[in-house]
Engineer: 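Below is a structure I'd like to ask you about.
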Amino acid sequence: MTNEKEGDYCTVCGGIRPDAIKIKTVLVDGKETGINQLEMIVAGVRDLHLTDDAAIRAELLRRAGAFNYIPTKKKESYGDALMREYTGAQE
């Protein structure tokens, strides 16, 4: 069921459609943590062709925060994990 005003939801339960969830597990402070839409986030930031690591990190965190809860106290650790994924994705 798609409603442009309200988003795209499951017609059975009313929640997010299961096929819309794309979670990849990364290590944040040594603990496996799921990041929804990680591949899309990394690809989108890569397409910006940013050269400054601080700008890349900030954009990764901004985009990840749109799909995932990032605790304030763990923001630095999430940034580290996202940067590892970003640099690994470029190789």
Side-chain angles (χ1 to χ4, degrees):
M1 173 168 123
T2 301
N3 180 331
E4 289 182 25
K5 282 186 171 181
E6 297 184 26
D8 194 5
Y9 298 98
C10 176
T11 57
V12 175
C13 70
I16 296 174
R17 292 177 307 119
D19 61 333
I21 299 172
K22 303 199 185 314
I23 297 175
K24 182 174 179 192
T25 303
V26 297
L27 291 178
V28 176
D29 277 344
K31 295 179 184 173
E32 289 187 355
T33 305
I35 304 287
N36 189 20
Q37 303 294 335
L38 181 60
E39 291 178 8
M40 182 186 74
I41 292 164
V42 169
V45 174
R46 193 178 320 116
D47 288 345
L48 296 175
H49 304 289
L50 300 172
T51 56
D52 178 56
D53 282 351
I56 293 167
R57 182 186 193 95
E59 187 62 20
L60 287 167
L61 282 166
R62 185 187 75 73
R63 290 176 183 230
F67 297 100
N68 304 271
Y69 170 68
I70 300 176
T72 303
K73 291 182 178 182
K74 297 285 185 179
K75 190 172 181 180
E76 196 68 27
S77 298
Y78 272 77
D80 293 342
L82 291 167
M83 285 299 288
R84 280 193 304 273
E85 291 298 312
Y86 181 83
T87 57
Q90 290 184 333
E91 295 173 354

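Note that the structure is predicted; figures quoted are calculated from it, not measured.
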Engineer: Shortest non-hydrogen contact from G65 to I70?
Structural biologist: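 Nearest heavy atoms, G65 then I70: N-CD1, 3.8 Å.
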Engineer: Quickly, which of D80, D29, T33 forms a side chain to side chain donor-acceptor pair (under 3.5 Å) with K74? Name it, please.
Structural biologist: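 That would be D29.
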Engineer: Are L48 and L61 connected in the hydrophobic side-chain network, where two residues link if heavy atoms are under 4.5 Å apart?
Structural biologist: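 Cluster IDs for L48 and L61 match.
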Engineer: Got a second to check how far I35's CD1 is from T25's OG1, nearest 0.5 Å?
Structural biologist: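 I35 atom CD1 to T25 atom OG1 measures 9.0 Å (nearest 0.5 Å).
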Engineer: Indicate the atoms forming the closest heavy-atom contact of Y78 with Y69, along with that distance.
Structural biologist: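 Heavy-atom minimum between the residues: OH-O, 4.0 Å.
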Engineer: Donor-acceptor pair, distance only, cut-off 3.5 Å: does the side chain of R84 make one with the backbone of L27?
Structural biologist: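 Judged by distance alone, yes, a pair lies under 3.5 Å.
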Engineer: Begin with the C-alpha distance, continue with both residues' side-chain angles, and end with the deciding distance and a verdict on side chain to side chain contact (heavy atoms under 4.5 Å, CB included) for L82 and L38.
Structural biologist: CA-CA 8 Å; L82 291 167; L38 181 60; 3.6 Å; yes
Engineer: Write down the atom of A55, the atom of L50, and the distance for their closest heavy-atom approach.
Structural biologist: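 Closest pair (atom of A55, atom of L50, distance): O-CD1, 3.9 Å.
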Engineer: Thinking salt bridges, do D52 and R57 make one under a 4.0 Å N-O criterion?
Structural biologist: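 Salt bridge: no.
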Engineer: Which atoms form the tightest heavy-atom contact between V28 and A81, and what is the distance?
Structural biologist: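 Looking at all heavy atoms of both residues, the shortest contact is CG2-CB, 3.8 Å.
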Engineer: Nearest 0.5 angstrom please: I41 CD1 to R62 CZ, how far?
Structural biologist: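 That separation rounds to 10.0 Å.
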Engineer: How long is the span from the CZ atom in R46 to the OG1 atom in T87, to the nearest 0.5 Å?
Structural biologist: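 Here the interatomic distance stands at 10.5 Å.
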Engineer: Are the side chain of N36 and the backbone of N68 linked by a donor-acceptor contact shorter than 3.5 Å?
Structural biologist: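 Answer holds: no.
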Engineer: So, taking the atom named OH in Y86 and the one named CG in L60, what distance separates them when rounded to the nearest 0.5 Å?
Structural biologist: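 The OH atom of Y86 sits 7.0 Å away from the CG atom of L60.
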Engineer: Sort out for me which residue in E39, Q37, E85 forms a side chain to side chain donor-acceptor pair (under 3.5 Å) with K24.
Structural biologist: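 With K24 as partner, side chain to side chain donor-acceptor pair (under 3.5 Å) holds for just one option, E85.
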